[in-house]
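To keep things clear, I will list the structure first and then write my remarks on it.
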Amino acid sequence: MPKIRPEPKEETLSDIIKWVINGELGVPEFQRKFAWTRQDIEELLASVLKGYYIGSFLFLKVIPGQAPFASRPIQGTENFPKVKASFNPRILVLDGQQRITSLIYALYAPEADLITPKYTSKRYLFFLKLKELENGNADNAIFSYSEDDRRTKKYLNKEYQFKEKIIPFTVLRSKDGWNNWINEFKSYQRKKILEELKEKGVSDVIEEIDRRLSVLDKQVEKWNEYINNLFEYPASVVYLPEISANDKESLEQITLIFEKINTTGVRLSVFDLLNARLYLKGISLHNLWEESVQNYENLRELSSDNSDLARILVLRTIGLLRLLRANFNTKESDISDIKNRSLINLSSNEFENDWYVAVEYIDKAMKRIMSTSHDGFGAFTIRWIPYKAMIPVLAVFLYYIDKLEFTKRAFANEVLKKWYWASVFSERYSGSPENTSLEDLKELINSVKELKIPGLVNKAITYIKELDMRKVYSSSSAIYKGVINLIVLNGAKDFLYGDSIAFHKLEDHHIFPQNYLKKKLKLEDKELINTILNRTLISKETNNHVKDKAPSEYLKEIEKSGNLQLILEPHFIPQECIEHMRNNNYDEFLNCREKAIKDKILQLLK
């Protein structure tokens, strides 16, 4: 793959601002809106005035009218005459939008209906105390007030500005503006000096005026040391060369670059990039997304948990659908895999239809994952889904099953179940989900065609047999979540209430209470205390009741509320394990429960 060769160059901030005003520089449609606060703007202005490094800018050169992404003007400039008349950028800002927009905001004070700083809906104006510059204190020289603040009117009065040596940043948008202000300021000062001298009856007026104006010139020289940085500041710019909308390899590289850019703490995703590309074809991903989360409750839940990931999962599902339809022949598909760098090349052809299919089957996949019925996978809330990255494979395989002859669907569903549990308990999706997803979909479909169980299932059986489940202690682990899912599918009941745990606020709690393990058994190993082998789902009330008690003690209370074995067995606590609890034998209990859990997993896979 030929590499995009960046070209470093220095540009003055004034030139960059001129390009913005002329409609020559814009931002891709996928860029987020302005998100800086007044304080952020003030700090940037202070850094520029002092000549401090404000970071580099990343620009993409484009052929006007042939940009690979839809673009828009820098926010706040939409009504500027040249922008409004002929916005047709030759440069797109990939990194540096917030800084450029901040400078435009301070220098041009756009209307509030176009842009406002973060946390306010008001238009603000920025001012500079020139007296502070004389003292070398640029950090305290900048302040701002909303346009409806009574002080703003005062600071916009020219006579008050000349008297207090305060200047609006809107005057500093050009060198001519600054020079004209200085000339008016000197005339004002000359007039005031003359009035003062006449009033005092000073004899040699001209000599005194010259002396005072000489002092004033030295003050202006000091100001210029700072002000000139606004016009002459050498900004570090890295240019990326022109690319066309059909240049797949260059677009992939642009995607990789963007994944590494972190502007204002928000990573731009392939979803944002693709939205800008498809926008050129009249397709709005953001509109499709908003419509889908309204129509599908499961997708809405997934989005509430992690909206960026949810969007990417939809694109991966579309990618897998297209590869499936092309029979995995990458020459006949618009993409070669479902990595982000490939997803940027999803074509607009039939995109909306594919989108609707993808979200429909993602909803079906999530219903299956979150169902607690016999055919479900027991993840009763979003938190307990072992691998969200598995959703696209499950969605597309469900789509494939629906296209099969009825006689083949039962076997395909059996393959699906074994693949799901094998993947969860062999931690198959802990690495690169994009590669694994494509490999798995191919293997699942081949298995159905050849009427055989996928080879990955046998590999998972070996993995699980050798697995030391004592070392599974993190609730974020897929194995940990998978065991909790199986407990739900077993129809487990609360220890003390004796009815379904579905009727209670569920939490995963210790079977041998941790206070008991620490105080009575003197166990300090946190991993061994928190192992999944010592965890199950019980109500918060039950946990509070048993939290300091020995298992042998609270087992007696369970027996009073119902059949001990019927209550505990669905938690993978068979009679043998119950006996170890009666004897408060933690080590043997762990061995016993590990066997019970593994037996269930292996039963699902055989």
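Keep in mind it's a predicted model, so treat the numbers as computed, not measured.
- When side chains are defined from C-beta on, Asn530 counts as touching His510, because their heavy atoms get closer than 4.5 Å.
- Across all non-hydrogen atoms, the minimal contact from Lys418 to Leu604 is NZ-O, 3.3 Å.
- Put simply, the side chain of Thr436 gets close to the backbone of Ser432: a donor and an acceptor are under 3.5 Å apart.
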Trp384 and Val488: CA distance, side-chain angles, deciding distance, side-chain contact (heavy atoms from CB on, under 4.5 Å) verdict: CA-CA 11 Å; Trp384 291 109; Val488 172; over 6 Å; no
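- Counting only heavy atoms from C-beta outward, the side chains of Asp363 and Leu299 never approach each other to under 4.5 Å.
- At distances below 3.5 Å, at least one donor-acceptor pair connects side-chain atoms of Lys481 with backbone N or O atoms of Arg383.
- Taking CG of Leu486 as the start and CD1 of Ile484 as the end, the distance is 9.5 Å to the nearest 0.5 Å.
- Atom NZ of Lys598 is surrounded by more than 12 heavy atoms from other residues, nucleotides or ligands within 6.0 Å.
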Derivation of the side-chain hydrogen bond (donor to acceptor under 3.5 Å, both in side chains) call for Asp334 and Asn345: CA-CA 7 Å; Asp334 48 359; Asn345 286 310; over 6 Å; no
Asn490 and His571: CA distance, side-chain angles, deciding distance, side-chain contact (heavy atoms from CB on, under 4.5 Å) verdict: CA-CA 7 Å; Asn490 268 357; His571 293 265; over 6 Å; no
Just distance, no hydrogens or angles: give the donor-acceptor pairs under 3.5 Å from side chains in residues 460-468, sequence neighbours left out.
residue	atom	partner	partner atom	Å
Thr462	OG1	Asn458	O	3.3
Tyr463	OH	Glu427	OE1	2.5
Asp468	OD1	Arg470	N	3.1

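- By the 4.5 Å heavy-atom criterion applied to side chains, Ile312 and Asp308 are not counted as neighbours.
- Proximity of a side-chain donor or acceptor of Asn585 to a complementary backbone N or O of His580 within less than 3.5 Å is not detected.
- One finds the CG atom of Asn413 at 4.5 Å from the CD1 atom of Ile401 (value rounded to the nearest 0.5 Å).
- Closest of all the heavy-atom pairs between Leu489 and Ser371 is CD2-O, 3.9 Å.
- Among pairs with a residue in residues 271-303, those fulfilling ring pair (Phe, Tyr, Trp, His ring centres under 6.0 Å) read Phe271-His286, at least two apart in sequence or across chains.
- Contact annotation: the side chain of Phe59 approaches that of Val93 to within less than 4.5 Å [non-hydrogen atoms, C-beta and beyond].
- Side-chain contact of Thr542 with Ser539: a donor-acceptor pair under 3.5 Å is present, judged by distance alone.
- Atom CE of residue Met366 and atom NZ of residue Lys388 lie 8.5 Å apart, to the nearest 0.5 angstrom.
- Glu29 has a carboxylate O that lies under 4.0 Å from a charged side-chain N of Arg72, or vice versa, which qualifies the two as a salt bridge.
- Phe411 and Ser447 get closest at one heavy-atom pair: CE2-O, 3.6 Å.
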CA sep, side-chain torsions, deciding dist, call: Ile391, Leu302, side-chain contact (heavy atoms from CB on, under 4.5 Å): CA-CA 11 Å; Ile391 292 173; Leu302 189 62; 4.2 Å; yes
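- No more than 12 heavy atoms of other residues, nucleotides or ligands shown are found within 6.0 angstrom of NZ on Lys471.
- Contact record, Tyr516 with Pro551: CE2-CD, 4.0 Å, taken as the closest heavy-atom pair.
- We find the SG-CD distance between Cys577 and Glu569 to be 9.5 Å, quoted to the nearest 0.5 Å.
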Criterion ring pair (Phe, Tyr, Trp, His ring centres under 6.0 Å) on Tyr480 and Tyr473, from CA distance to verdict: CA-CA 7 Å; Tyr480 189 109; Tyr473 59 88; 8.9 Å; no
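- For the pair Arg311 and Asp272, the salt-bridge criterion is not met [side-chain N within less than 4.0 Å of a carboxylate O].
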Evaluation steps, ring pair (Phe, Tyr, Trp, His ring centres under 6.0 Å), between Phe397 and Trp419: CA-CA 11 Å; Phe397 194 54; Trp419 162 78; 7.5 Å; no
Criterion side-chain hydrogen bond (donor to acceptor under 3.5 Å, both in side chains) on Tyr356 and Glu291, from CA distance to verdict: CA-CA 10 Å; Tyr356 291 127; Glu291 177 188 349; 3.2 Å; yes
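- In this view, Tyr361 and Tyr399 satisfy the ring-ring contact (aromatic ring centres under 6.0 Å, His included) rule, not counting sequence neighbours.
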Audit row: Ile74, Phe34, side-chain contact (heavy atoms from CB on, under 4.5 Å) steps and yes/no: CA-CA 9 Å; Ile74 293 290; Phe34 186 56; over 6 Å; no
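- Considering only heavy atoms from C-beta on, Arg368 comes within 4.5 Å of Phe377 through its side chain.
- Between the side chain of Ser292 and the main chain of Leu288, a donor-acceptor pair closer than 3.5 Å is present.
- Counting heavy atoms of neighbouring residues, nucleotides and ligands inside a 6.0 Å radius, atom CD of Glu297 does not exceed 12 of them.
- When atom types are taken as modelled, the side chain of Arg535 and the backbone of Ile511 share no donor-acceptor pair closer than 3.5 angstrom.
- Ring geometry for Trp355 against Phe351 counts as tilted: the plane angle lies between 30° and 60°, on a 0 to 90° scale.
- Between Tyr586 and Phe589, the two ring planes are parallel [angle under 30°; tilted spans 30° to 60°].
- For Ala67 against Leu92, the heavy-atom pair with the smallest separation is CB-CD1, 4.4 Å.
- Salt bridge annotation for Arg325-Asp354: present, with a cationic side-chain nitrogen under 4.0 angstrom from a carboxylate oxygen.
- Formation of a donor-acceptor pair under 3.5 Å by the Gln97 side chain with backbone atoms of Pro28 is not found in this model.
- Residues Leu533 and Phe572 have side chains not in contact (no heavy-atom distance under 4.5 Å, counting atoms from C-beta outward).
- Side-chain atoms of Gln514 never come within 3.5 Å of backbone atoms of Ile529 as a donor-acceptor pair (strictly under, hydrogens ignored).
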